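Per chain, numbering begins at 1; letters A, B, ... match sequence-line order. Keep in mind the model is a prediction, meaning the values are calculated, not measured.
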Amino acid sequence: MAKITSGLGTSHIPLLGYLMDKGESHLEKWAPIFKGYEFTKKWIREQKPDVVILVYNDHATTFDMKLIPTFAIGCGESYRPADEGYGARPVPLVKGAPKLAWHVAESVILQGFDLTIVNEMTVDHGLTVPLSMVFGEVEEWPCQVIPLAVNTVVYPAPTGERCLALGKAIRAAVEQFPDDLTVQVWGTGGMSHQLLGERAGLINREWDLAFMDDLKNDYEKLAKISQVEYIRESGTEGSEMVMWLIMRGALNHEVQEVHRHYHVPVSNTALGHLIYENASQESEEEKAL
Amino acid sequence: MAKITSGLGTSHIPLLGYLMDKGESHLEKWAPIFKGYEFTKKWIREQKPDVVILVYNDHATTFDMKLIPTFAIGCGESYRPADEGYGARPVPLVKGAPKLAWHVAESVILQGFDLTIVNEMTVDHGLTVPLSMVFGEVEEWPCQVIPLAVNTVVYPAPTGERCLALGKAIRAAVEQFPDDLTVQVWGTGGMSHQLLGERAGLINREWDLAFMDDLKNDYEKLAKISQVEYIRESGTEGSEMVMWLIMRGALNHEVQEVHRHYHVPVSNTALGHLIYENASQESEEEKAL
Amino acid sequence: MNNQQKPYDNIPGTTVFDGDMARIGFHLNQFCMSLMQESNRVAFKQNERAYLDQWPMTEAQKTAVLERNFSQLIALGGNIYYLVKISSTDGLSVAAAVSTMTDLSVDEYIDMMRRGGRSPEGNRFTDQGENKPSEESLWQK
Amino acid sequence: MNNQQKPYDNIPGTTVFDGDMARIGFHLNQFCMSLMQESNRVAFKQNERAYLDQWPMTEAQKTAVLERNFSQLIALGGNIYYLVKISSTDGLSVAAAVSTMTDLSVDEYIDMMRRGGRSPEGNRFTDQGENKPSEESLWQK
Ligand SMILES: [Fe+3]
Ligand SMILES: [Fe+3]
């Protein structure tokens, strides 16, 4: 049976991909950013996930104002990195996991989630930057990817409660899948940032760190944060953080935080990153007693 | 405040539009079909809805296999009738109700429905045939329309329970809208039909009539019917009937059935049509006591 | 053959267009979709084989299109709402296309529909005594 | 001015891109989207006015594009993820575009970011004593 073993949260800041693509990620001045992913690169080589369900938002790249899906799941065979205006990132083609993706889509739709199924699309920095930060510069991505695009561009984004519940539904779906697969769920985006208006440049370090603290055990509390509160506290674009709740919902209640990284600023944004491993099956069962 | 006053269910069989467009709807041989809409045409002139929320499915017209939204709400200014392979139907442009549509979209997303927002699309017979059957041949449609497209082409369609719940959420949203508007919700599609395989041509009159009977009071029971049961009992395409549940959910618990029409066959399909008016506010309040 | 180990695999005489079917039929259905444009219909009719060769479809799918073998097209992942765009291009009615999948002629099919359609009796479960879909109508008009 | 009577209308110095904004900005944002294609970027740069006139945008929107007035473009329904496609076409960084909406120069803006960004203090509520967004950082790096 397929199994979700771990999850991670990470910002998907375009600058990070840009620096890697230009070969500048090793420069001393960027060390405070990239050092925080060194653990991750080792960790992922041990974890060897077969499939990553990668939760991200499209930034007016593949979806425009004609059509705005709240949740779109990629069921395609592969996805090309998008040209976001400077040519496509020189990173490998993203291989899909269509059989598992269709299974998850079918299962969560029957569980009452109104997904949009996507079979053909390009993927922007929201998806490819996390792959680069975790896997580094590779000839091909060492796993299959199921893109899960969440609308965070047009108000309203799905609520935190909805995102958490979707994560739980995804977990149930994956656990019913007959193939032996190691699956990870990644939540991306954030942390605090504000890209427009007089208030541009807002960063709320305290809020971000509290979010990372609460995500481990008090995620039900985080799920109650409204988009208005995200905007007020962490900037208009800070509301991307709901996507981390999908990841959290897909994990066991008991998780171990095995890594954390926080750095301000990266261009206009606070960078956050953490890794959770599911506590062993045993301790979950204990909890149920 | 805006108010949903009534709803109707109707098949959206392409032949009906074709006959009207060819000027053949008055032929004696088609009387058993069109006679059943004479009441409706008079009724709608009295009801004068400002806006119709028209629930339908796209039949591989606007949406193809690249992208399949479970629920897509039209928030655009207007919608052109689609060319489904024979040229567009010669019917008026469909005027949207963007302000109300955005309000409903925002409200139901915050209520936990994962809508896809659509600002530009063409609309096929699923939407234009009901307009023609109800309003007849007109220079312009006498109301604004909010298209609500439901996936019934790719398995799985949303469940009946989800559709009923969406109807209820739409009702709550409409009732919060400040403008004084009379709103109707139409559920379209069905009734029993099977368009493929050795079993093509399946019609289940008993099932259809029972569905129409139960929709008034026992709609919670209907909402539990799985898509597999729809397929088994009313044909693979019979599962379009879930869309009537969105209409039903948007109405009061107490409704009056003021009209009903059932006819077999219309080309490959059983035709069903009924009209519900919300019981008066008073009796709803009585019920709450 | 299709829909195996699904909750609908015991419904006779139909194929549910689920994820598995959608995957194998993706390019076939997108080819059908292209026939929504007049210029593509013209190009297809001028040289069907050449037009089909522009699509990454399987040879079996292409052959079934050329033969207008709708039963086979369904088995190869075609969805009926897409496939009727082929029969529309041929100027045929939906009933004409649909009836080829049954053991009835078009006229027999239309006659069955006129008499109230195919009865669900015997058409609910593959193991319901008689496996073969019945063309008898439960009720007469 | 925008976002009136919304639960976010008391957040200073931002505009939430909601349905009302999306409606008035639809063609403006779709114009921005067209700049994702190189051929369109060339056409736009060759004759900005002529390119804009192909879009059913308001005169105020066109003027604001020509003037690269991002604050005005936001007020007229532009979304920042769309608008940065204009500044990308100009070869400018996001920070360069974004800083024009503040009362800081690009260098001051970048310096503020380096020092940890703009503090949320005083930037949560329009009626929070001081209405004007503060560029002071709550914490120093
Ligand atoms: Fe982002
Ligand atoms: Fe239909």
* Under a 4.5 Å heavy-atom cut-off, does chain C meet the side chain of B/T61, its backbone, both or neither? -> both

* Structure fact -> Cut-off 4.5 Å, heavy atoms of chain C, and the answer for B/F63 is backbone

Check: [Y] and [X] side chains under 4.5 Å, non-hydrogen atoms:
{"X": "C/I80", "Y": "B/E237", "value": "yes"}
{"X": "C/T102", "Y": "B/R199", "value": "no"}
{"X": "B/L202", "Y": "C/P120", "value": "yes"}
{"X": "C/F125", "Y": "B/R232", "value": "yes"}
{"X": "B/T236", "Y": "C/I11", "value": "no"}
{"X": "B/Y86", "Y": "C/S88", "value": "yes"}
{"X": "B/H59", "Y": "C/N79", "value": "no"}
{"X": "B/D64", "Y": "C/Y82", "value": "yes"}

Engaged part of [X] at the chain B interface, taking heavy atoms whose separation is under 4.5 Å:
{"X": "C/T14", "value": "both"}
{"X": "C/Y109", "value": "side chain"}
{"X": "C/D18", "value": "both"}

* If you take all heavy atoms of C/M113 and B/P265, which pair is closest and at what distance? -> O-CG, 2.9 Å

If we ignore hydrogens and angles and just use 3.5 Å, is the side chain of [X] paired with the main-chain N or O of [Y] as donor and acceptor?
{"X": "B/E198", "Y": "C/M101", "answer": "no"}
{"X": "C/R118", "Y": "B/A200", "answer": "yes"}
{"X": "C/K85", "Y": "B/A60", "answer": "yes"}

* To do: Can you establish whether the number of heavy atoms outside C/R49 located under 6.0 Å from its atom CZ is more than 12?
  =>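 Enclosed: over 12 neighbouring heavy atoms sit under 6.0 Å from CZ of C/R49.
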
* **Greater than 12 external heavy atoms within 6.0 Å of B/F39's CZ** => yes

Look up atom [atom1] in [X] and atom [atom2] in [Y], then write down how far apart they are to the nearest 0.5 Å.
{"X": "C/Y81", "Y": "B/L196", "atom1": "OH", "atom2": "CG", "result": "9.5 Å"}
{"X": "B/Y155", "Y": "C/M21", "atom1": "OH", "atom2": "CE", "result": "14.5 Å"}
{"X": "C/S119", "Y": "B/E206", "atom1": "OG", "atom2": "CD", "result": "8.5 Å"}

* To do: Please assess C/L28 against B/M65 for the test side-chain contact (heavy atoms from CB on, under 4.5 Å), listing each intermediate value before the final yes or no.
  => CA-CA 10 Å; C/L28 166 59; B/M65 290 309 298; over 6 Å; no

* Does the pair C/Q30 and B/K66 meet the rule for a side-chain contact (heavy atoms from CB on, under 4.5 Å), with working shown? -> CA-CA 8 Å; C/Q30 293 300 86; B/K66 282 187 191 165; 3.5 Å; yes

